[in-house]
Amino acid sequence: IVRPAYQVPLTLADNYANDPLNTVGMINPGLNTPYVQQYSFGLQHEFLDTVFEARYVGNHSVGGLRAFDYNQVNIQQNGFLTDFINAENNGNLALAGTGTFNPAYNASLPGSQPLPVFGKLASGGMLNNGTVRNLIQTGQAGALAATYQEDGLNGSVNFFANPNTLGADMLNNYSNSTYNSLQLEARHRATAGLEFTANYTFAKVLSDAAGDSQSRIEQFLDINNPGLERARANFDLRHAIKGTAVYYLPFGKGHRLHYGPLNEVMEGWSLGGIMGWQSGAPFSILSGYGTLNRADGSRSYYNTADTALTGSQLNNIVQFQMTGNGPYMISQSAINQSDGTGTNSPGEALYNGEVFSNPGAGGLGTLQRRMFSGPWSFDLDMSLQRKFRITERQSIELRMEGTNILNHPTFYVGDQNINSTTFGVIGSTFNPPRVMQFAARYQF
């Protein structure tokens with residue numbers, strides 16, 4: 001084992017020389033505490049022992065924490081993107097002429113272009129390497145540039161503003177979110193043995209931070225275009241209908257249905273229920289390709305897919321359907337039947353029904369993040385209970401409870417990647433199956 005030389009302090013260049021994946025971060029000295037503004041107003045009216053209420057409820061989160069990586073991979077100012085596109089075109093020409101994708105310049109192929117920037121890279125950019133060819137063929141210019149730099153193959157081409165670190169993050173006050181909702185509610189006091197509360201919420205949450213990162217360092221897809229981040233929040237639910245009710249069964253003494261010898265057993269039973277019915281959580285249709293930014297980690301996770309369809313046309317394709325192969329969220333006609341993906345491989349002709357594609361080199365997907373919603377969920381829990389009084393201080397309570405009493409499945413739809421072989425497949429649920437339980441409790 002070679003003991004490293006003791007050196008304090010270490011510079012960024014020293015750390016980068018030891019580990020090209022080294023990153024550096026700091027907190028903005030002027031960082032402020034984020035805050036939330038809340039506002040609401042409502043109207044109430046009572047009619048027939050029922051209170052009806054309509055409310056507007058909103059809030060605005062200001063100055064949320066968000067990290068900026070000021071060392072985003074650069075593929076434009078250094079001319080790499082132009083050369084990359086020419087390399088991709090060279091490869092397609094070679095594929096058409098020889099059957100092999102070869103991005104190198106070939107003077108014998110009309111239209112093939114020289115690649116001066118690749119010539120400055122180590123070994124000419126290693127254009128014979130399978131990984132390099134795949135990244136070029138799939139248009140992943142940002143991913144390839146980062147690979148060259150991380151592996152020390154960038155030669156005289158610099159892909160980062162600071163060549164002595166991979167990432168340079170600063171935690172800033174940037175993010176904000178808005179919540180706006182219309183809330184309708186009815187509350188009925190216990191009369192004729194019935195009491196209930198029912199409400200409906202129509203709401204929308206917009207945010208420029210997804211909040212799904214394990215830390216505050218949630219990277220931008222493109223730091224030069226931060227407006228891309230604003231979209232529906234992961235927890236946005238457009239419609240929610242909920243209710244609770246208790247009904248005291250009209251059996252026993254004082255009711256029509258009674259029988260003297262059995263009144264002690266018949267009376268005092270109550271039936272309760274809790275119901276929830278709401279629209280599905282939002283999800284995105286993604287490419288995930290590093291066409292502009294690095295593909296490692298979460299940098300290009302939210303790079304969406306391209307499509308030429310309108311919103312109404314997409315709604316006919318992106319919808320819940322039960323098929324012979326199970327539940328799907330994407331129409332079977334839009335799925336590649338040969339491999340289960342949502343797009344064909346580069347260089348192949350479009351399959352019949354193909355509507356999604358990966359963005360080109362240097363570009364980003366045209367679909368909005370979290371543009372679609374999963375299937376509605378429904379849940380009903382019920383209970384039947386009765387308390388028997390023994391003495392003033394002693395009683396026995398009998399309960400029968402059922403969760404998801406109708407055994408209704410609730411399907412979970414996460415983000416869909418068009419390059420996945422399970423594109424459109426709904427593979428999980430988040431509501432447990434029906435559970436029945438019985439309980440007896442002695443109180444003293």
Side-chain angles (χ1 to χ4, degrees), residues 49-53 183-203 235-259 261-281 283 320-323 326-329 373-390 394-414 425-444:
D49 298 316
T50 304
V51 177
F52 297 92
E53 184 173 1
Q183 301 179 6
L184 305 176
E185 186 173 58
R187 299 186 299 273
H188 182 74
R189 294 196 300 268
T191 55
L194 175 66
E195 61 179 289
F196 67 83
T197 298
N199 56 68
Y200 165 72
T201 300
F202 174 70
F235 51 86
D236 177 48
L237 294 176
R238 191 61 48 86
H239 306 278
I241 304 170
K242 298 181 180 181
T244 63
V246 176
Y247 181 56
Y248 298 92
L249 300 178
F251 304 147
K253 187 177 180 180
H255 298 281
R256 286 188 177 182
L257 298 176
H258 67 90
Y259 179 60
L262 297 179
N263 277 345
E264 285 296 323
V265 176
M266 295 173 62
E267 64 185 10
W269 290 93
S270 62
L271 183 66
I274 302 175
M275 184 272 290
W277 186 25
Q278 61 189 29
S279 53
F283 68 92
F320 175 79
Q321 52 197 286
M322 184 62 72
T323 72
Y328 275 74
M329 200 62 207
S373 295
W376 281 59
S377 63
F378 180 84
D379 181 61
L380 177 63
D381 302 336
M382 297 193 71
S383 65
L384 179 66
Q385 56 269 331
R386 165 71 156 94
K387 178 179 285 189
F388 296 91
R389 180 73 61 182
I390 301 175
Q394 300 181 65
S395 63
I396 295 177
E397 184 179 12
L398 300 179
R399 297 182 63 88
M400 179 177 68
E401 300 172 334
T403 58
N404 191 14
I405 194 73
L406 300 180
N407 205 29
H408 194 282
T410 300
F411 296 104
Y412 171 73
V413 180
V425 175
I426 300 177
S428 61
T429 61
F430 60 85
N431 248 10
R434 177 173 49 223
V435 175
M436 302 293 295
Q437 63 182 20
F438 302 86
R441 184 172 62 175
Y442 171 64
Q443 293 178 296
F444 59 93

- Message: Do Ser377 and His408 have side chains that approach each other closer than 4.5 Å (heavy atoms only, starting at C-beta)?
- Response: no
- Query: When rounded to the nearest 0.5 angstrom, what distance separates CZ in Arg187 from OG1 in Thr244?
  - Reply: 11.0 Å
- Message: When you compare the side chains of Gln385 and Ser270, does any donor N or O come within less than 3.5 Å of an acceptor on the partner?
- Response: yes
- Note on the structure: So CZ of Phe378 and CG of Asn404: to nearest 0.5 Å the spacing works out to 9.0 Å
- Task: Decide side chain to side chain contact (heavy atoms under 4.5 Å, CB included) for Leu237 and Thr201; before the verdict, give the C-alpha distance in whole Å, the side-chain angles of both, and the deciding distance to 0.1 Å.
- Result: CA-CA 9 Å; Leu237 294 176; Thr201 300; over 6 Å; no
- Show your reasoning for whether side chain to side chain contact (heavy atoms under 4.5 Å, CB included) applies to Phe320 and Ile426. CA-CA 9 Å; Phe320 175 79; Ile426 300 177; 3.6 Å; yes
- Query: Above 12 or not: heavy atoms from other molecules or residues under 6.0 Å from CZ of Phe196?
  - Reply: yes
- Which atom names give the shortest non-hydrogen contact between Phe411 and Pro327, and what distance separates them? CE2-CG, 3.7 Å
- Test side chain to side chain contact (heavy atoms under 4.5 Å, CB included) on Glu53 and Asn199 and set out the steps. CA-CA 9 Å; Glu53 184 173 1; Asn199 56 68; over 6 Å; no
- Task: Please check if atom CZ in Phe444 has more than 12 non-hydrogen atoms from other residues, nucleotides or ligands closer than 6.0 Å.
- Result: no
- For His239, enumerate each residue passing the side-chain hydrogen bond (donor to acceptor under 3.5 Å, both in side chains) test, keeping only those at least two apart in sequence or located in another chain. Tyr200
- Item | Closest heavy-atom pair and its distance - Met436, Gly402 | SD-CA, 3.7 Å
- Under 3.5 Å, side chain of Thr410 to main-chain N/O of Asn431, donor-acceptor pair present? no
- More than 12 heavy atoms of other groups within 6.0 Å of Phe235 CZ: no
- Message: Give me the atom names and distance for the closest heavy-atom approach of Leu194 to His188.
- Response: O-CD2, 3.2 Å
- Note on the structure: On a heavy-atom basis, the closest approach of Gly280 and Ser373 is O-CB, 3.7 Å
- Between OH on residue Tyr248 and CH2 on residue Trp269, distance to nearest 0.5 Å: 14.5 Å
- Where is the tightest heavy-atom contact between Gln278 and Ala240, given as atom of each residue plus distance? CB-CA, 3.9 Å
- Query: If you measure from CZ on Arg399 to NZ on Lys387, what distance do you get to the nearest 0.5 Å?
  - Reply: 10.0 Å
- Item | Distance, nearest 0.5 Å, that separates CD of Gln437 from CD of Glu401 | 4.5 Å
- For Arg238 and Phe202, run side chain to side chain contact (heavy atoms under 4.5 Å, CB included): C-alpha distance rounded to whole Å, both residues' side-chain angles, the deciding distance at 0.1 Å, then the answer. CA-CA 6 Å; Arg238 191 61 48 86; Phe202 174 70; 3.6 Å; yes
- Query: Is Met275 close to Ile241 at the side-chain level, that is, under 4.5 Å between some pair of heavy atoms?
  - Reply: yes
- Message: Would you compute the distance between atom CD1 of Ile396 and atom CD1 of Ile390 and round it to the nearest 0.5 angstrom?
- Response: 3.5 Å
- Message: To check you understand the geometry: which heavy-atom pair defines the closest contact between Asn407 and Arg434, and what is its length?
- Response: OD1-N, 2.9 Å
